[in-house]
Novice: 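Structure below; questions to follow.
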Amino acid sequence: MLDPAAIPEAQNHRRTMMIEQQPSDDRMVLTDGSPVTDDHRDIVSSGARAGQQKAYVVLSEAERAKGFVRPVRRSYVHEVCGVVTTMGQSLAETYARDPGFYSGTFCCGCGTHFPVGESGQFVWDGTNEKVGS
């Protein structure tokens, strides 16, 4: 695994990076469909999910059912380490419905979050298209 501390962006984003918009209404839930909690951004410190948030916010099923503006893609490549990360369906559908919803995402190779968007570090697997753009 690549040492995230060796990547300057990781030092700035590792613990406090907001990776989704602030929940403001019932259009947003956690990936399991439950209400958004204040501690969902806490970072898991050990085990298979180490480095990931305790929970992730997604658009509600009703919001995602309104349709997508981009294809639903589940896998992306971290351009720094080359590792492919695959996300759950509700996360992928949130990106497809609202590509700018998240400001960062997790890399399974580095074990931490990094920025997405035009200047971000991820592309959709099999494309040159930036995640979050």
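For this chain, numbers begin at 1 and follow the sequence in order.
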Novice: Are any side-chain N or O atoms of Tyr102 and backbone N or O atoms of Val57, one a donor and one an acceptor, separated by less than 3.5 Å?
Specialist: yes

Novice: Could you check if a side-chain atom of Ile43 sits within less than 4.5 angstrom of a side-chain atom of Gln53, using non-hydrogen atoms only?
Specialist: yes

Novice: Is any side-chain heavy atom of Val83 closer than 4.5 Å to one of Cys110?
Specialist: no

Novice: Find the distance between OG1 (Thr86) and CZ (Arg73) and round it off to the nearest 0.5 Å.
Specialist: 13.5 Å

Novice: As an exercise, state the distance from SG of Cys107 to CD of Glu79, rounded to the nearest 0.5 Å.
Specialist: 11.5 Å

Novice: Kindly assign one of parallel, tilted or perpendicular to the pair Tyr56 and His113, based on the angle between their ring planes and the thresholds 30° and 60°.
Specialist: tilted

Novice: Measure across Ser34 and Asp32 and return the closest heavy-atom pair with its distance rounded to 0.1 Å.
Specialist: OG-OD1, 2.5 Å

Novice: Considering all heavy atoms of both residues, which atom of Val72 and which atom of Ala96 are nearest to each other, and what is their separation?
Specialist: CG2-CB, 3.7 Å

Novice: What about the rings of Tyr95 and Phe101, do their centers lie closer together than 6.0 Å?
Specialist: no

Novice: Minimum heavy-atom separation for Leu30 to His40, with atom names?
Specialist: CD2-CB, 3.9 Å

Novice: Do Thr31 and Ser90 have side-chain atoms, one donor and one acceptor, less than 3.5 Å apart?
Specialist: no

Novice: Using the test salt bridge (Lys or Arg N to Asp or Glu O under 4.0 Å), find all partners of Arg49 that sit at least two apart in sequence or belong to another chain.
Specialist: none

Novice: Could you work out, with side-chain hydrogen bond (donor to acceptor under 3.5 Å, both in side chains) as the rule, every residue matching Thr37, not counting sequence neighbours?
Specialist: Asp39

Novice: Nearest 0.5 Å, what's the CG-CG distance between Leu59 and Leu91?
Specialist: 10.0 Å

Novice: Quick one: SG on Cys81 to CZ on Phe114, what's the gap to the nearest 0.5 Å?
Specialist: 7.5 Å

Novice: Linking directly or through intermediates, with side-chain heavy atoms under 4.5 Å: list the remaining ILVMFWY members grouped with Val84, chain and number order.
Specialist: Val77, Val123

Novice: Considering residues at least two apart in sequence or located in another chain, which fulfil the salt bridge (Lys or Arg N to Asp or Glu O under 4.0 Å) criterion with Glu61?
Specialist: none

Novice: How are the rings of Tyr76 and Trp124 set to each other: parallel, tilted or perpendicular (split at 30° and 60°)?
Specialist: perpendicular

Novice: Enumerate the salt bridge (charged side-chain N to carboxylate O under 4.0 Å, His left out) contacts for residues 81-97, please, sequence neighbours excluded, ordered by first and then second residue.
Specialist: Glu63-Arg97, Arg64-Glu93

Novice: Provide the closest heavy-atom pair for Val116 versus Gly132 in the form atom of the first, atom of the second, distance.
Specialist: CG2-CA, 4.3 Å

Novice: Under a 4.5 Å cut-off applied to non-hydrogen side-chain atoms, are Lys54 and Arg41 in contact?
Specialist: no

Novice: Distance check, rounded to the nearest 0.5 Å: Ser60 atom OG versus Arg27 atom CZ?
Specialist: 7.5 Å

Novice: Do you know which two heavy atoms are closest between Arg74 and Ala92, and how far apart they sit?
Specialist: CG-CB, 3.8 Å

Novice: Does the Thr85 side chain pair with the main chain of Cys108, one donor and one acceptor, at a distance under 3.5 Å?
Specialist: yes

Novice: Which residues pass the salt bridge (Lys or Arg N to Asp or Glu O under 4.0 Å) test with Asp38, sequence neighbours left out?
Specialist: none

